[in-house]
Amino acid sequence: MESLLDISKAEKKNKLYDSITPNRFKRTIIKDWQLYVLCAPVIIYFLIFEFGPMYGVQLAFKDFIIGKGIWGSPWVGFKHFERFFTSYQFNIILRNTLVLSIYSLAAGFPFPVILAIMLNNIRGERFKKIVQTTTYAPHFISVVVFCGMINIFLSPSTGIVNFFIKQLRLEPIFFMGKASMFSHIFVWSDIWQNTGWAAIVYIAALSGINPELYEAAKIDGANKLKSIWHVDLPGIMPTIITLLIMRIGKILSLGFQKAYLLQTPLNIDASEIIATYTYKVGLLDAQYSYSTAIGLFNTVVNILLLIMANQLSKKFNDVSLW
Amino acid sequence: MKNNSIKNSIDDTVFEIFVYIVLGITLILVIYPLYFILIASFSDPVGVNTGKAMFFLYNPSLEGYKRIISDNRIWSGYLNTIIYTAVGTTINVVITMMIAYPLSRRSFSGRKAITLFLLVPMYFSGGMIPQYLLVKSLDLLDTRAIMVLLSAASVYNIIVARSFLEANIPEDLYESASMDGCSQFRFFSAVVMPLSKAIIAVLALFYGVSHWNEYMRALIYLKKESLYPLQLILSSILIENQVSAAMVDDVLLMEEKNMLKELIKYGVIVVASVPVLVAYPFLQKFFIKGVMLGSIKG
């Protein structure tokens with residue numbers, strides 16, 4: 001048996017080695033041609049709609065002139081980047097993006113972990129099911145409907161939140177009209193909508209922990225809190241770190257839709273973020289090159305952040321995305 | 001030792017009661033806003049505004065829904081959304097399965113290169129304007145096609161499907177089929193697809209919900225109102241407060257008009273969310289399966 005395995009291993013090695021030579025390469029492609037055909041639609045889609053726009057990134061270094069097209073427009077170097085970095089909006093939108101993103105991460109990240117651990121430590125299976133089913137549901141509400149709900153609930157004249165505030169004989173608060181309120185509304189509504197969904201991954205990770213570990217902890221005299229600390233948390237730590245890296249890598253790619261939909265002229269000082277600004281400058285004001293430059297800046301910072309976060313996690317935890 | 005274990009079990013009971021209370025509160029916090037929208041949409045708007053419809057229906061009426069049903073914009077938005085969702089999801093599922101199958105085969109020579117190729121745009125993308133200019137140059141602005149084409153496949157879902165096929169379609173299954181002269185095409189359509197019903201359901205759900213809720217693409221690429229999907233119509237009603245005049249113009253008093261507008265808002269939220277929420281309980285076990293598959297190799 002073992003020798004058989006060895007032979008097949010040796011064969012594999014040979015194949016691998018052979019596949020590098022051009023002749024063999026051609027032959028494997030011919031052998032797999034039907035599989036390549038199956039891949040073709042997605043590859044074509046990616047070439048056109050995902051890689052196609054990359055060609056237009058050069059606009060960030062050009063002055064776009066419609067008549068001349070992307071290729072023919074003149075190069076201008078870093079002009080648009082300089083303009084962006086020195087514009088007075090730069091500080092504002094960078095600050096807003098960072099505030100919303102880091103606030104979301106800091107306030108929102110622990111909740112799914114806590115929810116998953118709580119669900120893992122109760123015995124009532126039916127209750128568990130009910131809580132899970134219910135907390136996932138808000139994730140499927142569309143962002144438009146969700147922002148509409150926020151508007152309705154927080155309306156100063158007809159909203160239910162202000163109804164309670166008025167009941168307490170306090171002045172109604174115009175939530176959507178206050179820049180100082182924006183980040184709280186943005187972050188906490190997000191926690192309401194996505195905690196349950198985000199917990200699924202942790203619930204899955206927790207269910208993969210060896211039950212003997214809990215037994216051993218019990219025999220060693222650990223109560224539930226201690227077994228959470230010594231068994232549950234270490235068990236899901238790799239999952240936590242992986243998700244954290246991915247979140248950090250996306251810190252500047254804060255979603256366009258929700259910020260845009262919750263924007264009002266009154267809270268714009270806190271709600272204008274990179275994504276909404278790119279949209280307005282680019283599509284509403286048709287400053288194509290300038291907007292492309294801002295987008296490119298955003299992408300590059302994201303990649304750097306992701307690499308940094310991954311490096312840190314490799315160093316301290318031996319967990320890496322790649 | 002004994003004392004310790006008694007103390008532990010008391011601790012644990014206290015802890016468990018605490019957890020039940022916290023989860024109970026969580027449950028109420030999640031359900032109440034949804035429940036409120038539902039009862040408010042069926043109640044008399046005066047009652048909603050004066051806090052009489054906080055927990056139960058007040059003067060049940062279908063006034064809001066009547067006005068919603070008589071509005072053309074909502075109907076056309078609904079129809080467009082159904083078209084985009086049906087056509088889009090079909091394309092999505094078919095081409096996702098088509099590429100997921102080869103990528104799940106260890107013996108496939110293009111496996112590594114194609115996977116890498118798919119991962120690049122996750123980190124580096126052209127951005128909003130280059131994509132807009134591309135769509136413009138392809139003459140796809142203001143067409144139904146762009147609503148379907150721009151999201152033809154997602155890397156995340158391809159990875160989910162690939163993990164499923166890796167685990168469920170053994171490599172040697174094809175080898176034995178090919179002895180009988182079965183081509184990869186036939187194997188894919190006659191063996192792989194029928195064995196993948198569970199993952200096809202997951203994909204259809206993920207893609208379907210994202211089409212149903214799609215907003216940004218329509219905002220950027222569509223100008224003609226006749227092509228607007230439901231979400232764009234909703235945003236003008238819910239966010240810009242533009243309930244069409246025809247819906248409330250028979251009412252003269254300003255205050256009453258505003259109340260009706262609020263009632264219509266509750267109603268459209270329900271109308272827009274019903275298809276997803278009705279399907280949800282039946283489908284949720286598939287959703288969870290999908291997320292778990294994705295998390296293995298995300």
Side-chain angles (χ1 to χ4, degrees), chain A residues 19 28-29 32 34-36 38-39 41-42 45-46 49-54 56-57 59 70 118 121-122 131 133-138 140-145 147-149 151-153 158 160 163 200-201 204 221 223-225 256-257 261 278-279 282-283 288 291-292 295-296 299 303 306, chain B residues 4 8 11-12 15-16 19-20 22-23 27 30-31 33 36-37 49 51 95 98-99 101-102 108-110 114 118 121 123-134 150 152-153 183-185 188 209 213 215-216 220 231 234-235 238-239 262 265 269 272-273 276 280 284 288 291-292 295:
Chain A
S19 68
T28 50
I29 285 193
D32 287 343
Q34 294 190 326
L35 294 179
Y36 283 101
L38 287 174
C39 295
V42 170
Y45 159 72
F46 263 72
F49 289 106
E50 299 282 349
F51 286 88
M54 289 180 194
V57 169
L59 277 185
I70 294 175
M118 284 201 294
N121 282 286
I122 55 170
V131 173
T133 314
T134 318
T135 50
Y136 301 157
F140 296 103
I141 299 173
S142 82
V143 62
V144 176
V145 165
C147 292
M149 283 173 63
N151 271 332
I152 289 173
F153 284 124
T158 55
I160 185 168
F163 175 79
I200 299 180
V201 180
N223 60 16
K224 277 221 158 145
L225 273 175
F256 162 85
Q257 305 191 81
L261 287 164
T278 319
Y279 169 75
L283 285 180
Y288 292 154
S291 176
T292 307
L296 183 60
T299 310
I303 294 174
L306 191 71
Chain B
N4 204 357
N8 267 355
D11 280 354
D12 287 353
F15 175 74
E16 199 155 343
V19 169
Y20 271 105
V22 174
L23 288 178
L27 215 50
V30 173
I31 294 175
F36 173 76
I37 297 272
N49 272 342
I95 71 174
M98 279 168 72
I99 195 167
Y101 167 64
F108 175 45
S109 50
I114 294 176
L118 296 179
Y123 301 103
F124 190 85
S125 67
M128 193 184 286
I129 295 302
Q131 188 166 51
Y132 176 83
L133 292 174
L134 174 82
L150 256 194
S183 71
Q184 287 282 17
F185 290 154
F188 175 73
V209 168
N213 289 342
Y215 163 72
M216 190 176 175
I220 294 177
Q231 300 297 332
L234 287 178
S235 82
L238 291 172
I239 311 292
E262 291 302 309
K265 285 183 186 173
I269 289 179
S273 310
V276 177
Y280 172 68
Q284 63 129 340
I288 294 159
V291 173
M292 290 184 178
S295 68

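Values below: every heavy atom of this structure, side chains too, minus hydrogens, waters and symmetry copies. Chain letters run A, B, ... following the sequence lines, proteins first and then strands; every chain starts at 1.
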Drop me the distance from Met149(A)'s CE to Lys265(B)'s NZ, to the nearest 0.5 angstrom.
13.5 Å
For chain B, the option from Asn151(A), Leu283(A), Leu225(A) that forms the most heavy-atom pairs under 4.5 Å:
Leu283(A)
Going from SG on Cys147(A) to CG on Leu238(B), what distance comes out if it is rounded to the nearest 0.5 angstrom?
9.5 Å
Is the shortest heavy-atom distance from the side chain of Met98(B) to the side chain of Cys39(A) under 4.5 Å?
no
Side-chain contact, heavy-atom cut-off 4.5 Å: Phe188(B) with Leu35(A)?
no
Should Gln34(A) and Ser183(B) count as side-chain neighbours, where that means a heavy-atom distance under 4.5 Å?
yes
Does any part of the side chain of Tyr123(B), heavy atoms only, come nearer than 4.5 Å to the side chain of Thr299(A), both counted from C-beta?
no
Test item: Asn121(A) side-chain N/O and Glu16(B) main-chain N/O as donor-acceptor pair under 3.5 Å:
no
Picking from Thr133(A), Thr278(A), Ile70(A), which has the most non-hydrogen pairs under 4.5 angstrom with chain B?
Thr133(A)
Give the intermediate values and the outcome of side-chain contact (heavy atoms from CB on, under 4.5 Å) for residues Ile37(B) and Phe153(A).
CA-CA 9 Å; Ile37(B) 297 272; Phe153(A) 284 124; 4.0 Å; yes
Could you check which of Val143(A), Ile141(A), Thr134(A) has the highest count of heavy-atom pairs closer than 4.5 Å to chain B?
Thr134(A)
Mind checking the OG1-CD spacing from Thr158(A) to Glu262(B)? Nearest 0.5 Å is all I need.
3.5 Å
For the pair Asp11(B) (side chain) and Asn223(A) (backbone), establish whether a donor and an acceptor sit closer than 3.5 Å, ignoring hydrogens and angles.
no
Go through the steps to decide whether Ile152(A) and Ile269(B) satisfy the test side-chain contact (heavy atoms from CB on, under 4.5 Å), and finish with yes or no.
CA-CA 11 Å; Ile152(A) 289 173; Ile269(B) 289 179; 3.7 Å; yes
When you compare the side chain of Tyr288(A) with that of Pro130(B), does any pair of heavy atoms fall below 4.5 Å?
no
Value for CD1 (Ile114(B)) from CZ (Phe46(A)), rounded to nearest 0.5 Å, stands at 11.5 Å
Of the backbone (N, CA, C, O) and the side chain (C-beta and beyond), which part of Leu59(A) lies under 4.5 Å from a heavy atom of chain B, both, or neither?
side chain
Under 4.5 Å, counting heavy-atom pairs only, tell me which of Ser273(B), Ser125(B), Ala153(B), Ala272(B) racks up the most with chain A.
Ala153(B)
Looking at chain B, which one of Phe49(A), Tyr45(A), Tyr136(A) has the largest number of heavy-atom pairs inside 4.5 Å, strictly under?
Tyr45(A)
Can a donor-acceptor pair be found, under 3.5 Å and without considering hydrogens, that links the side chain of Tyr36(A) to the backbone of Gly110(B)?
yes
Could you have a look at Val276(B), Leu23(B), Leu234(B) and say which one has the most heavy-atom pairs with chain A under 4.5 angstrom?
Leu23(B)
Separation of Thr292(A) OG1 from Met128(B) CE (nearest 0.5 Å):
10.5 Å
Side-chain heavy atoms of Leu118(B) within contact of Val42(A), under 4.5 Å
yes
Most chain B-contacting option - heavy-atom pairs closer than 4.5 Å, from Pro53(A), Pro41(A), Gly56(A):
Pro53(A)
Are side-chain heavy atoms of Leu296(A) and Phe124(B) found at a separation under 4.5 Å?
yes
Let's test your reading of the structure: which of Phe108(B), Phe36(B), Phe15(B) forms the most heavy-atom pairs below 4.5 Å with chain A?
Phe108(B)
Taking the side chain as everything from C-beta on, heavy atoms only, tell me whether Pro138(A) gets closer than 4.5 Å to Val30(B).
yes
For Ser235(B) and Leu261(A), work out which heavy atoms get closest and say how close.
CB-CD2, 4.2 Å
